[in-house]
Amino acid sequence: MKFFIDTANLADIREANELGILDGVTTNPTLMAKENIKGEAAIANHYKTICEIVDGDISAEVLSVEFATIVEEGKKLAAIHPNIVVKVPMIKEGIKAIKWFTDNGIKTNCTLVFSAGQAILAAKAGATYVSPFIGRIDDSGWDGVQLIAQISNIYNIQGFETEILAASIRNGNHIIACAEAGADVCTCPLSSILALLKHPLTDLGLKQFLADAEKMKGTV
Ligand code: E4P
C-alpha cells in the first residue's frame with residue numbers, strides 16, 4: 001500500500017518525506033485555503049514546490065464544475081509538473097472530464113466518492129485514482145472501511161485498474177483497516193502516519209534497553 005500525505009502544509013510534507021516512506025501528496029481547496037494560498041500564480045507555485053519536495057504523484061484539485069473549464073484548468077495544472085494528478089469531483093461534468101483527461105494521457109484522482117456506484121463510474125472513465133472519503137462516511141453513521149472493501153472486491157472481479165485511494169483518514173487504525181480492506185493508497189494527515197509508530201511496550205522496552213546500554217558502556 002502506498003502512503004500519501006493529505007495536506008498542503010510544506011513543513012508537514014517535508015517531515016513525512018524525511019521518513020523515507022512517502023509516495024505522494026493529496027491536497028484540496030480546504031487544505032490550500034488553510035495555508036492561505038491565493039491566486040493562480042501562488043497556487044501553481046505552491047504545487048511546484050510540493051513536487052520539488054516529494055517524488056511521487058501530487059493531486060491538485062480543479063476549482064471548476066463545468067466540463068470545458070475543468071479541462072482548461074486541468075491542462076494548466078498538469079503543465080506545472082509531470083507528477084501532477086488532476087483531482088476532479090465526482091459529478092457528471094467531472095466524469096466527462098476524467099474521460100477526456102484519460103484519453104489525453106493526463107492522470108486523474110476522482111474525489112468526493114461515497115458509494116460503490118460512484119467508484120464504478122470513476123473506473124469506467126479511466127480515473128488513475130478513486131478517493132472514497134472514509135472518515136466522512138464514518139462521521140455520518142456509515143462504515144467507511146466497508147466501502148473500501150466493497151470497491152476493492154468489485155475492481156478485482158471486473159479487472160478495473162483504477163487505484164483505490166482511501167481518503168479522509170482520521171487515525172492510525174483507519175490506515176490499518178484500509179490496508180486490510182484492499183486500499184492501494186492511504187492519504188493521511190501527518191498525525192495519523194506518526195500514530196502508527198506508537199506502542200507503549202515499545203516505549204517501555206526502549207527505556208529499559210537504554211538503561212542497560214549505560215551499564216554495558218560501564219557508565220553506571
Ligand atoms: C483527500 O484527497 C481528501 O480531500 C481529504 O482526505 C478529505 O479529508 P477530510 O474529510 O478530513 O476533509
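Remember, predicted model here, so these are calculated numbers, not experimental data. Read the numbers this way: they start at 1 and go in the same order the structure lists the ligands and their atoms.
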Hey, what polar pairs (N/O, under 3.5 Å) does ligand 1 make with protein?
unit_1, atom_1, unit_2, atom_2, d
ligand 1, 2 (O), Lys87, NZ, 2.6
ligand 1, 4 (O), Asn28, ND2, 2.7
ligand 1, 4 (O), Lys87, NZ, 3.1
ligand 1, 6 (O), Asp6, OD2, 2.5
ligand 1, 6 (O), Ser168, N, 2.7
ligand 1, 10 (O), Arg136, NE, 2.7
ligand 1, 10 (O), Ser168, OG, 2.7
ligand 1, 10 (O), Arg170, NH1, 3.4
ligand 1, 11 (O), Arg170, NH1, 2.8
ligand 1, 12 (O), Arg136, NH2, 2.7

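Within 6.0 Å of the CD atom in Glu214, the count of heavy atoms belonging to other residues, nucleotides or ligands exceeds 12.
For the residue pair Asp184 and Tyr129, no side-chain donor N or O sits within less than 3.5 Å of a side-chain acceptor on the partner.
Contacts of Glu180 classified as side-chain contact (heavy atoms from CB on, under 4.5 Å), with partners at least two apart in sequence or in another chain: none. Listed by chain and residue number, nothing satisfies the side chain to side chain donor-acceptor pair (under 3.5 Å) test with Asn17 (two or more places apart in sequence, or in another chain).
Remark: side-chain polar atoms of Asp143 are paired, donor with acceptor, to backbone N or O of Val145 under 3.5 angstrom.
Legend: side chain to side chain donor-acceptor pair (under 3.5 Å) pairs involving residues 185-213, not counting sequence neighbours, sorted by first then second residue: Thr26-Thr187, Gln208-Asp212, Asp212-Lys215.
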